[in-house]
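What follows is a single structure, written as structure tokens, with notes after it.
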Protein chains: 2
Amino acid sequence: MTLYKAPLDDQRFALFDVLGAEAVLTGLEGGDGHTRDLLDAVLEEAGKLAEQVLAPTNWPGDQEGCHYDKATHTVTTPKGFKEAFKTFAEGGWAGLTMPEAYGGQALPAVLGTATTELFQSGNLSWSLYPLLSEGACHAMELHGEEWQRQLFMSRIVSGDWTGTMCLTEPQAGSDLGLLKTRAEPAGKGLHDATTYKITGTKIFISAGEHDLAENIVHLVLARLPDAPTGSRGISMFIVPKFKVNADGSLGERNSAYAGAIEHKMGIKGSATCVMNFDEAEGYLIGQPHKGLMAMFTMMNAARLSVGVQGLALSERALQNSLNYARERLQSRALSGAKFPDKPADNLLVQPDVRRMLLTQRAFVEGSRLLVLYNALQVDVEARAKDEATRQKASELVAFLIPISKALVTELSIECTKEALQIYGGHGYIGENGMEQFARDARITTLYEGTTGIQAADLLGRKILQLQGVGFRHFLEEISAFCQQHSADESLRAMIGPLAVYTKQWGELTMKLAGRIQANPEELGAAANDYLYYSGYITLAYLWAKSVAAADKSGQAETFKQAKRDTAAFYFARILPRCLMHQAGIEAGVATLPQIA
Amino acid sequence: MTLYKAPLDDQRFALFDVLGAEAVLTGLEGGDGHTRDLLDAVLEEAGKLAEQVLAPTNWPGDQEGCHYDKATHTVTTPKGFKEAFKTFAEGGWAGLTMPEAYGGQALPAVLGTATTELFQSGNLSWSLYPLLSEGACHAMELHGEEWQRQLFMSRIVSGDWTGTMCLTEPQAGSDLGLLKTRAEPAGKGLHDATTYKITGTKIFISAGEHDLAENIVHLVLARLPDAPTGSRGISMFIVPKFKVNADGSLGERNSAYAGAIEHKMGIKGSATCVMNFDEAEGYLIGQPHKGLMAMFTMMNAARLSVGVQGLALSERALQNSLNYARERLQSRALSGAKFPDKPADNLLVQPDVRRMLLTQRAFVEGSRLLVLYNALQVDVEARAKDEATRQKASELVAFLIPISKALVTELSIECTKEALQIYGGHGYIGENGMEQFARDARITTLYEGTTGIQAADLLGRKILQLQGVGFRHFLEEISAFCQQHSADESLRAMIGPLAVYTKQWGELTMKLAGRIQANPEELGAAANDYLYYSGYITLAYLWAKSVAAADKSGQAETFKQAKRDTAAFYFARILPRCLMHQAGIEAGVATLPQIA
């Protein structure tokens, strides 16, 4: 059994001391009540749910897994999942950030991100059921019709039903333009809207079938009969598991069945389904052929949430490996026994073990700031009182999403690996729980767009196509920070390198853009290294910002010192990774010749 | 089901074109017959065994796992394991490198390493059964008495029995000085030797119990009654599962039972046992209290073999991910369609996919050279005709072992990760086999000494305690190579950086040694980065050497070009990792403050 304690102190530090979330949120449209007190109280409750209800189901859920019954096409989730979901729904968590008009509490996205971290640390597999619901709601909120929102979305918000995103097909993964699922008009249905018969097979559908809720609302990408080929011919449909009557009661079973569940490396408590749609009844959502755009609405939120998954797993792995390093007695310190009255010293006396712990801490706390910063901009984008502020936030969000998704998930692979390593051979044993974190983390760099897709999105779309507007805002923010703290004694060792790297980041980007203009293949040759390079500088900025905030805060001296120590570690031992990524960016496509 | 084709071409290139193994081996004591033809023929047969017998059992063995029967304390291995072991034993593979006096074939260690790679690629879990036997034989060969060798070792060499190494206890992992298992004299036994009653619990005992052979010879570390505390009070004992009569027939069951098997992240076909010794009858092997030294005899060979495990998994993962990248059609090349008549281009057109493939190839082929170079030095150490050559080889081996073990295993985590990543979401699905490689690879940085232990061994023992004798030989070899090829056009881009890094490696080491002398904690603060730094330069040298050898060889032009491409990739995109490790080495222990 692994430990888990909700890291509320660090969340509060990030939100209130570093990001000034209270001032930002209460200044937004509808934000009057979004005070620190309110947010604190919600975090406290979420922490209890995560620690007491979810965390104990994590390892048993991995062992038990989901069970698929071929005869009934139904999925049984692990013991405790259903009860946990009931508690979650009754607590109003499904509607935390959803509009009040549909039964939600309209609380800030950044609070949703913070509570999601806690739930995902508690049990990542379980948390995928509500996560997919959230994406479906976002799509309906932005692209659906009012009756669709009233009928379908409000029931997800209440936690009675859940949602899915049905995108991938066997031949269409990263390249959704290849998808084949068809939608054919089939007369009128509810609210006089056209119904469609949806036919096709979708794979990798998280929460596609389960026993947590009475109905499942699938959002399915498919092609209309007159659809252009490729990604411009994709539409989105609402396809409920059970048809819904006009009064919201359940009608007959729709022909949308799980055909199998996948046997996966991890997240075994999450039912990953093959979904067969056989003339299933559906309703168009949004404009014909604009399904990919609607899908990206879900995708941005989902990508940020997947970044948070990486953070959540790393946090729990760190807590356990730190505890193990403290408890495990083995060998003596290099400079002589530190606990001479014990049979051996603990692992914490080993500098190399501290290196592994500080690496995790630097990534966990840095990643937390990154995703919360990103989420706060989502709130500003949605509800700032002036258009210019909303626009700027929107550009920052677009820029930050691929970094939040790809960097944090990749680092979670490293963090869970280091945490396991601290356990030595005991880390490899199932019962100790560390290997589950490593297996679970491994999905995060794959789904909702692989790291390669994120890297191409960052460099190709966010930097080049959008001419780096979000990037420039971010560089300006860092420069302003450096300026502001140039005389700050406690930041001296950080501001110098940060300013140098930030300048170099801009210059490297300009040079790279020129090379890509000359040869588009250079984009693919540099994107991965560019993503990491950008990510490590981003975290360096956030670490410097943390130290500045800690100094000014009312936190305890040990808390402040831990921030300073971790920041110093980051600058000395992690930030130099940029050197190798710079080499990768500059190496060019010539170093990646064709392979037979 | 995953592919596997024995990489005989690259093995032969490494052995004969790069390392000149034929000239070296035929010049050694007893090496007259060790010609290329002989080695080629053996490799060919080993390849068949790996491809046809072992490879098909790999994934099913992972699914089925081992089964422990509590009532009888017995372990059933997965389907096919027993038959494979029979084929292996009948083919004489168990005695390939063993002395002829005990029924072996006395073939070179480097050939054993090459064939072990193939078997481990075929099925790593399975290959652990013969691997542990090999370690036990080495210990008996060097430290046992003649009757022990005749009675026990010869039966392992024949493949009738297997062996184990029983070191770890719950409270004694990396720190064997803490072990508690006791050995008490109990009268005379076979050959008038004293018998001992061994009592204690060992954990993590690979092949501790299984159904592949009729007897198991445990080599157990335990304390004699008069033993000093700590690591200087440990003795080694032979404790057979079934007692053995003087004529070699099996006697009564000894009180050495498996109490459980572990549920692990991977290598599920390998029985990892808790072993309970309850006054089990054993014989002392070697000198009293010198068990740790005897253990290290086994350990060196075992560590090299674990390095080879990393290579073996990476090789098979590479083969599959390359094949997938070739077959999977998704999206178009950045500069326009490369396969316009197909629905999409394959993944190979994506530079970032080629980056992941070339990373694997650079590590796989570089690692292969490293372990074969290392193993060839083992042969020279054992059988060179003059003492000075043996001595030098011994020093080189001591220096190279921690690099071969730690670097190659750590890189196997990276390689299997990248291979899985190329599959996208499909890599996460059990049936596709890629996630098994990632899970199996995860053990290799843990057992036979974690990476941290190897790093401390390299820097603390091999560099500092032994005053870097092996290191100096290696630096001289690289310098001579750079000198020799300074005017070589095709090596121009490599010799420059290699010479610079090599010089810097020596200087950094001197400076670091000074800092460690002033504060021993600096050893722990630098060791991990020093290991990687050393490892990447080592691989750079071997890659340059590969290109030089390829140029002069009779290999096909495509083969030569692939070597040049991969080497150029390595120098441009991998070697710069040294920059960050240099920063880690120089950062000092001050950046790793105590953690509460």
Side-chain angles (χ1 to χ4, degrees), chain A residues 168 173-175 178 204 262-265 330-331 334-335 343-344 348 350-352 354-355 357-358 413 417 421 424-425 427-431 435 438 442-443 445-447 450 452 455 520-521 523-525 527-528 558 565 568-569 572-573 576-577 579-580 583-584 587 589 591-593 595-596, chain B residues 168 173-175 178 204 262-265 330-331 334-335 343-344 348 350-352 354-355 357-358 413 417 421 424-425 427-431 435 438 442-443 445-447 450 452 455 520-521 523-525 527-528 558 565 568-569 572-573 576-577 579-580 583-584 587 589 591-593 595-596:
Chain A
T168 306
S174 298
D175 187 357
L178 297 172
F204 299 167
E262 305 287 355
H263 305 104
K264 307 184 300 294
M265 184 181 195
Q330 205 76 180
S331 303
L334 291 155
S335 51
L348 278 180
Q350 305 296 338
D352 193 50
R354 296 201 300 274
R355 178 189 59 76
L357 288 167
L358 284 162
I413 293 181
K417 183 216 164 214
Q421 187 74 21
Y428 205 63
I429 306 301
E431 284 81 352
E435 59 93 31
R442 194 64 195 84
I443 188 61
T445 70
L446 300 167
Y447 62 13
T450 62
E521 298 285 342
L523 171 64
N528 183 268
T558 51
D565 286 348
F569 167 85
R573 289 181 168 256
R577 294 185 183 188
L579 298 170
M580 73 173 180
V589 76
T591 60
L592 301 170
I595 297 174
Chain B
T168 305
S174 299
D175 186 357
L178 297 172
F204 299 168
E262 304 288 356
H263 304 106
K264 308 184 300 294
M265 184 181 194
Q330 204 76 177
S331 305
L334 291 156
S335 51
L348 278 179
Q350 305 295 338
D352 192 50
R354 297 201 300 275
R355 176 188 62 75
L357 288 166
L358 284 162
I413 293 182
K417 184 216 164 214
Q421 188 72 21
Y428 204 64
I429 306 300
E431 284 81 350
E435 60 92 33
R442 195 63 195 81
I443 188 61
T445 69
L446 300 168
Y447 63 13
T450 62
E521 298 285 341
L523 171 64
N528 183 267
T558 50
D565 286 348
F569 167 86
R573 288 179 169 259
R577 294 185 183 189
L579 299 170
M580 71 172 180
V589 76
T591 60
L592 302 171
I595 297 174

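The structure displayed is predicted, hence computed values, not measured ones. Note on naming: letters A, B, ... go to the chains in the order of the sequence lines (proteins, then strands), and numbering restarts at 1 for each one.
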Interface residue of largest heavy-atom contact number with chain A, from B:Gly424, B:Ala438, B:Gly427, under 4.5 Å: B:Gly424
Full working for side chain to side chain contact (heavy atoms under 4.5 Å, CB included) between A:Ile595 and B:Asp565: CA-CA 9 Å; A:Ile595 297 174; B:Asp565 286 348; over 6 Å; no
In terms of heavy-atom pairs under 4.5 Å, which option from A:Leu357, A:Asn528, A:Thr168 contacts chain B the most? A:Asn528
For the candidates B:Glu262, B:Arg577, B:Met265, B:Met580, which exhibits the highest count of non-hydrogen atom pairs separated by less than 4.5 Å from chain A? B:Met265
Does the side chain of B:Ile429 reach to within under 4.5 Å of the side chain of B:Glu435, using non-hydrogen atoms? no
Less than 4.5 Å to any heavy atom of chain B: does that hold for the side chain of A:Leu178, its backbone, both, or neither? side chain
Shorter than 4.5 Å, heavy atoms on both sides: which option in B:Pro343, B:Gly430, B:Gly425 has the most such pairs with chain A? B:Gly425
B:Ala527, part contacting chain A, at a heavy-atom distance under 4.5 Å: neither
Suppose we screen for ring-ring contact (aromatic ring centres under 6.0 Å, His included). Which residues come up paired with A:Phe204, at least two apart in sequence or across chains? B:His426
Taking the side chain as C-beta and beyond, is there a heavy-atom pair between A:Arg355 and B:Leu592 under 4.5 Å? yes
Partners of B:Arg354 by salt bridge (Lys or Arg N to Asp or Glu O under 4.0 Å), sequence neighbours excluded? none
With side chain to side chain contact (heavy atoms under 4.5 Å, CB included) as the criterion, how do A:Ile413 and B:Lys417 come out once you've worked through the C-alpha distance, each side chain's angles and the decisive distance to 0.1 Å? CA-CA 9 Å; A:Ile413 293 181; B:Lys417 184 216 164 214; 3.7 Å; yes
Using non-hydrogen atoms and a 4.5 Å limit, figure out which bit of B:Arg573 sits close to chain A: side chain, backbone, both or neither. side chain
Just checking, any donor-acceptor pair under 3.5 angstrom between side chains of B:Glu521 and A:Ser335? yes
So which of B:Val589, B:Thr445, B:Leu523 has the biggest tally of heavy-atom pairs under 4.5 Å with chain A? B:Thr445
Under 4.5 Å from a heavy atom of chain B, the part of A:Ala596 involved: backbone
Of the backbone (N, CA, C, O) and the side chain (C-beta and beyond), which part of A:Gln350 lies under 4.5 Å from a heavy atom of chain B, both, or neither? neither
